[in-house]
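In what follows, every heavy atom counts, from backbone to side chain, and hydrogens, waters and symmetry copies are set aside.
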Amino acid sequence: MKIIEQINIQYYRSIKDEKVKSVSELNIFSGKNDVGKSNVLKALDLFFNKIETNFFEDFNKERLQEVRQESVKGKQFIKIQITFFNPGNYSTLPDKFTVSKSWDRLGNLIGTPKDNFDGLINRGKFTPRSVDISRRTLTGFLNKIRYTYVPAIRDDRFFFYLLSLLQESLFDSTRSSVGGDFGETIQLFNTQIGEITNELKEDFQNVSGIESSLSFPTEIADLFQRLIIDTKSGEHDIPLKLRGDGIRLRYIPTIMNHIASKSKYFELWGFDEPENSCEYSLAKKLAENFSTNYLNHSQIFIASHSFNFISLDGEKISKYRVYKEEGNHNTRIIQITKANEKHIQEDIGLLVINEQLADLYTKLETELEIAERTKNELNKIQKPYLIFEGKTDNI
């Protein structure tokens, strides 16, 4: 799902003035440590979720030096502008339009979001029945967007926040058909949750190899606590919160995708290093799910170091290299295409290695699968067997 085409960030942290063009359903930002990859995701979080910011920390340092000169005094602001696609069900909005928000030197949002409707009208690209109606529709459209920023360090607070969203989603899906006393209601809830969350459980099991189940508390005193998520270890149920970080964190995109698939919002993700705490096989399956499944329900922005993500390719995937030029503290962002790869080869040379690693790992997985399948077939024969190296030896 795609509703954003372009992002323009001015004077935010290490980003002085950069455009992220040709945005796709899945957008992957790669680069060395401390070049500003996460700042793209955080800028989106500022645009969609915050009305104030810590201006002293977030204002671009080079711009700060410039505004101290008399010629540009009073130009202290942070600005984020986004070009949106009309998803098709907003007849009073243009097919494509921009919205910008700015924050002043006190960190406060300046006025209301600014659109480009007047400019589109002047150029004959938009003929609304009423601009006022279009702007009211725009407010409703922006309120229908939910941007979830997933930081690189996912602590308990974020995980519980995500569970609260899941609980809200499940309540919305089940409350219209429940009735009876408390015990019957909870039992019905849990039965329906099992049915509703089959895809979630299958997705998690496919990637992690672990069976899981979700349920609401069954005691009235615990009703308003968090969802209970149990995972299987042999014949035992182990709460997800007691599992290792890799297993618990792997559940996050599974939950987010399930919420997005049932959501009344346009879902956007900003996911910082989704491969954290995942060994190679989990990271590979995770990357595959992002590129084939998750992007169908959300528009996704990822900052990653993993070759499994960096080597992804497809019509719905855009890749960007984030870097800093020597002697400069500002972040630069360039889309990686076949046309410009040679020009930025010095900085993205590791991309070639990442792609080769991904290919090698895929081949190794295939060979291991063939070996395991062959071993299982031989075991079924239950007869002595000889294995030869070549065709002549076979004869």
Side-chain angles (χ1 to χ4, degrees), residues 24-42 44-45 148-156 158-159 162 200 203-210 212 231 240 243-258 260 267-314 316-323 333 336 347-365 368:
S24 296
E25 282 84 350
L26 176 59
N27 305 276
I28 301 166
F29 298 86
S30 65
K32 300 174 183 177
N33 288 331
D34 197 36
V35 294
K37 299 186 298 297
S38 299
N39 287 342
V40 179
L41 312 186
K42 291 174 181 175
L44 289 172
D45 191 37
T148 303
Y149 172 58
V150 186
I153 300 174
R154 272 84 81 175
D155 58 14
D156 285 344
F158 176 79
F159 194 73
L162 201 58
L200 187 155
D203 178 25
F204 182 62
Q205 187 165 9
N206 176 51
V207 175
S208 66
I210 295 174
S212 63
T231 60
L240 187 62
R243 299 300 293 252
D245 282 349
I247 298 302
R248 195 171 82 159
L249 298 181
R250 174 59 195 89
Y251 218 106
I252 288 175
T254 305
I255 293 174
M256 291 175 65
N257 184 57
H258 182 77
E267 297 284 351
L268 305 177
W269 300 1
F271 219 118
D272 212 343
E273 299 181 18
E275 70 275 9
N276 271 3
S277 300
C278 289
E279 36 73 335
Y280 283 158
S281 61
L282 277 182
K284 182 176 185 295
K285 290 179 180 178
L286 185 62
E288 289 171 352
N289 275 354
F290 269 91
S291 63
T292 59
N293 185 14
Y294 300 162
L295 54 68
N296 292 324
H297 303 126
S298 307
Q299 190 169 13
I300 305 171
F301 302 85
I302 285 176
S304 177
H305 292 285
S306 169
F307 70 82
N308 291 298
F309 282 92
I310 295 172
S311 61
L312 288 174
D313 206 5
K316 295 183 177 181
I317 299 172
S318 291
K319 295 189 286 188
Y320 304 87
R321 190 64 180 175
V322 183
Y323 64 98
I333 303 169
I336 302 170
D347 189 66
I348 68 166
L350 286 176
L351 285 180
V352 177
I353 298 175
N354 282 323
E355 290 171 358
Q356 292 173 347
L357 281 172
D359 289 341
L360 286 171
Y361 191 79
T362 300
K363 290 175 183 176
L364 175 61
E365 274 197 325
L368 290 173

Among all residues two or more places apart in sequence or in another chain, which pass the side chain to side chain contact (heavy atoms under 4.5 Å, CB included) test with [X]?
{"X": "Lys284", "result": "Glu288, Asn308, Tyr361, Thr362, Glu365"}
{"X": "Ser318", "result": "Ser24, Asn27, Tyr320, Gln335"}
{"X": "Glu275", "result": "Glu273, Ala283, Ser304, His305, Ser306, Phe309"}

Would you check, one step at a time, whether the test side chain to side chain contact (heavy atoms under 4.5 Å, CB included) holds for Trp269 with Leu295?
CA-CA 10 Å; Trp269 300 1; Leu295 54 68; over 6 Å; no

Looking at Leu368, I want to see if its CG is surrounded by more than 12 non-hydrogen atoms of other residues, nucleotides or ligands under 6.0 Å.
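Enclosed: over 12 neighbouring heavy atoms sit under 6.0 Å from CG of Leu368.
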
Looking at Ile310, is its backbone amide N or carbonyl O close enough to the side chain of Lys319 to form a donor-acceptor pair, meaning the two atoms are under 3.5 Å apart?
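The answer is yes, because a donor-acceptor pair under 3.5 Å joins these two groups.
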
Sidechain-backbone polar pair: Lys37 side chain, Gly31 backbone, donor-acceptor under 3.5 Å
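The answer is yes, because a donor-acceptor pair under 3.5 Å joins these two groups.
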
Partners meeting side-chain hydrogen bond (donor to acceptor under 3.5 Å, both in side chains) with Asp45 (sequence neighbours left out):
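side-chain hydrogen bond (donor to acceptor under 3.5 Å, both in side chains) check on Asp45 returns Asn49.
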
Could you pull out all residues at least two apart from Tyr149 that satisfy side-chain hydrogen bond (donor to acceptor under 3.5 Å, both in side chains)?
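Tyr149 satisfies side-chain hydrogen bond (donor to acceptor under 3.5 Å, both in side chains) with Asp272 once adjacent residues are dropped.
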
[X] versus [Y]: any side-chain heavy-atom pair under 4.5 Å?
{"X": "Met256", "Y": "Val150", "result": "yes"}
{"X": "Ile252", "Y": "Phe271", "result": "yes"}
{"X": "Leu44", "Y": "Leu268", "result": "no"}
{"X": "Pro253", "Y": "Asn289", "result": "no"}
{"X": "Ile333", "Y": "Phe29", "result": "yes"}

Give the minimum heavy-atom separation between Leu312 and Ser291, together with the two atoms involved.
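Scanning both residues completely, I find the closest heavy atoms to be CD2-OG, 3.8 Å.
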
Could you pull out the closest heavy-atom pair between Val322 and Gly36, with the gap in Å?
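That would be CG1-C, 4.0 Å.
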
Assess the residue pair Phe290 and Ile300 against the criterion (side chain to side chain contact (heavy atoms under 4.5 Å, CB included)); give the C-alpha distance rounded to whole Å, side-chain angles, the decisive distance to 0.1 Å, and a yes or no.
CA-CA 8 Å; Phe290 269 91; Ile300 305 171; 3.9 Å; yes

Contact list for residues 297-311, test salt bridge (charged side-chain N to carboxylate O under 4.0 Å, His left out), sequence neighbours left out
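Output for this query is empty, none listed.
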
Enter the distance from Leu26:CG to Phe301:CZ here, rounded to the nearest 0.5 Å.
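If I round to the nearest 0.5 Å, the distance is 9.5 Å.
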
